[in-house]
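A quick write-up on the structure given underneath.
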Amino acid sequence: MTERGGIFAGDDPFVIARSWLGEASKSEPNDANAIALSTVDADGMPNARMVLLKDIEDDAFVFYTNYGSAKAQELDHAGKAAFVMHWKSLRRQVRVRGTIEKEEGDQADAYYASRSLKSRLGAWASQQSQPLASRAALMAEVAKVTAAQGTNPARPPFWGGYRIRPTEIEFWADGAFRLHDRFKWTRYGCNSPWSIVRLNP
């Protein structure tokens with residue numbers, strides 16, 4: 001196995017990712033859990049956008065969105081995705097590629113319930129990625145939803161989570177003179193063992 005130490009030490013990449021995110025949460029000025037999520041549409045055209053990572057599980061990364069959004073449609077079609085987390089304050093990044101599955105059970109309900117009331121109502125009101133006539137039209141829809149759903153709205157059936165089960169994770173740390181440190185963890189399937197290699201910068 002490739003020799004690793006310091007910030008790269010350990011046999012579990014999810015433990016390393018959680019550790020790095022914990023450090024970033026203390027040093028990044030905003031949204032240390034922001035990820036640049038990449039998908040492809042039905043024609044193979046790539047797409048990217050920032051979303052917030054909400055959980056690093058023992059074997060997956062989880063975020064939430066509207067299932068009618070462009071990203072969700074692309075995720076459902078391809079069944080695969082990639083993302084990168086980059087922290088300028090730490091000069092580190094984590095790159096992930098893997099397969100997708102929905103999280104629309106108790107875990108999604110619990111996360112939705114933990115959000116602010118305005119965010120929960122906004123999830124009901126927004127037809128994410130669809131054309132919008134005006135800001136006023138959106139606010140009118142929020143008012144309509146507020147009257148209909150009350151102060152304890154249930155999770156919308158069109159809103160929930162996605163779990164990325166990685167087949168590849170790369171940890172990158174800045175090095176002097178652009179001689180960066182990179183370690184790539186690869187496995188052939190979600191139940192396969194990881195192989196780890198050091199990459200050239």
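For the numbers below, each heavy atom of this structure counts, side chains included, while hydrogens, waters and symmetry mates do not.
Heavy-atom contacts from other residues, nucleotides or ligands closer than 6.0 Å to NZ of Lys102 number more than 12. Enclosure of atom CD in Glu57 by more than 12 non-hydrogen atoms of other residues, nucleotides or ligands within 6.0 angstrom is indicated. The environment of Arg95 atom CZ is sparse: at most 12 non-hydrogen atoms of other residues, nucleotides or ligands sit within 6.0 angstrom. The local environment of CE in Met50 is crowded, with over 12 non-hydrogen atoms from other residues, nucleotides or ligands closer than 6.0 Å. Other residues, nucleotides and ligands contribute at most 12 non-hydrogen atoms within 6.0 Å of the CZ atom of Arg91.
In this pair, Tyr111 and Trp159 present their aromatic rings parallel. The plane angle is below 30°, not in the 30 to 60° band.
Residues Leu21 and Leu90 share a hydrophobic cluster, clusters being chains of Ile/Leu/Val/Met/Phe/Trp/Tyr side chains in contact below 4.5 Å. Both Ile16 and Val96 belong to a common hydrophobic cluster when Ile, Leu, Val, Met, Phe, Trp and Tyr are linked at side-chain heavy-atom distances under 4.5 angstrom. Val84 and Val62 are not part of a single hydrophobic cluster, where members link through side-chain heavy atoms under 4.5 Å apart. Note on Ile56: it clusters hydrophobically with Val94, by side-chain heavy-atom contacts below 4.5 Å among ILVMFWY residues. By the rule that hydrophobic residues join a cluster once side-chain heavy atoms approach within less than 4.5 Å of another member, Trp185 and Ile164 end up as members of one cluster.
A 4.5 Å side-chain heavy-atom check between Phe14 and Pro166 finds at least one atom pair inside the cut-off. You'll find the side chain of Lys71 stays beyond 4.5 Å of the side chain of Asn47, heavy atoms only. Looking at Gln73 and Asp41, their side chains never come closer than 4.5 Å, going by heavy atoms from C-beta outward. Inter-residue side-chain proximity for Lys144 and Trp124 is flagged as unmet; no heavy-atom pair is nearer than 4.5 Å. Residues Pro153 and Leu117 are in side-chain contact: their nearest non-hydrogen atoms beyond the backbone lie under 4.5 Å apart. When side chains are defined from C-beta on, Phe83 does not count as touching Phe63, because their heavy atoms never get closer than 4.5 Å. Ile169 is listed as a side-chain neighbour of Trp194, based on a closest heavy-atom distance under 4.5 Å. Residues Val51 and Thr65 fail the side-chain proximity criterion, which asks for heavy atoms closer than 4.5 Å.
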Legend entry - Verdict with supporting geometry, Arg18 and Asp58, side-chain contact (heavy atoms from CB on, under 4.5 Å): CA-CA 10 Å; Arg18 277 194 291 268; Asp58 290 342; 3.9 Å; yes
Inset, instruction - Dump the intermediate steps for side-chain contact (heavy atoms from CB on, under 4.5 Å) on Tyr112 and Arg120, then the final yes or no. - result: CA-CA 7 Å; Tyr112 179 80; Arg120 283 179 281 157; 3.2 Å; yes
Inset, instruction - Give the C-alpha distance, both sets of side-chain angles, the deciding distance and a yes or no for side-chain contact (heavy atoms from CB on, under 4.5 Å) between Phe158 and Asn66. - result: CA-CA 6 Å; Phe158 53 81; Asn66 185 310; 3.6 Å; yes
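For the residue pair Leu138 and Ala125, the shortest heavy atom distance occurs at CD1-O, 4.5 Å. Here the closest heavy-atom approach between residue Ala70 and residue Ser129 is recorded as N-OG, 3.1 Å. Among all heavy-atom pairs drawn from Ile7 and Trp20, the shortest one is O-NE1, 3.0 Å. Nearest approach of Ala173 to Phe8, heavy atoms of both residues: CB-CZ, 3.7 Å.
Looking at Arg155, its side chain never comes within 3.5 Å of a backbone N or O of Asp106 through a donor-acceptor pair. Of the possible donor and acceptor atoms, none in the side chain of Arg165 sits under 3.5 Å from a partner among the backbone N and O of Thr99. No side-chain donor-acceptor contact under 3.5 Å links His180 to the backbone of Asp174. No donor-acceptor distance shorter than 3.5 angstrom exists from the side chain of Gln149 to the backbone of Ala154, with no hydrogens or angles considered. Side-chain N or O atoms of Glu141 include none that pairs as donor or acceptor with a backbone N or O of Ser126 at under 3.5 Å.
Rounding to the nearest 0.5 angstrom, the gap separating the OG1 atom in Thr151 from the CG atom in Leu121 is 9.0 Å. The NZ atom of Lys88 sits 13.0 Å away from the OG atom of Ser27 when rounded to the nearest 0.5 Å. Once rounded to the nearest 0.5 Å, the distance linking NE2 of His86 with CH2 of Trp172 reads 5.5 Å. Leu37 contributes atom CG, which lies 11.5 Å from atom CG of Leu52 (distance to the nearest 0.5 angstrom). Rounding to the nearest 0.5 angstrom, the gap separating the CD atom in Gln93 from the CD1 atom in Ile35 is 13.5 Å. Glu74 contributes atom CD, which lies 3.5 Å from atom OG1 of Thr39 (distance to the nearest 0.5 angstrom).
Taking the six-membered ring wherever Trp is involved, the centroid distance between the rings of Tyr67 and Tyr162 falls below 6.0 Å.
With respect to Asp181 and Arg198, a salt bridge is recorded, a charged nitrogen being found less than 4.0 Å from a carboxylate O. Salt-bridge check for Lys54 with Glu103: failed, with every basic side-chain N at 4.0 Å or more from each acidic carboxylate O.
Counting only N and O atoms by type, the side chains of Ser38 and Arg97 include no donor and acceptor under 3.5 Å apart.
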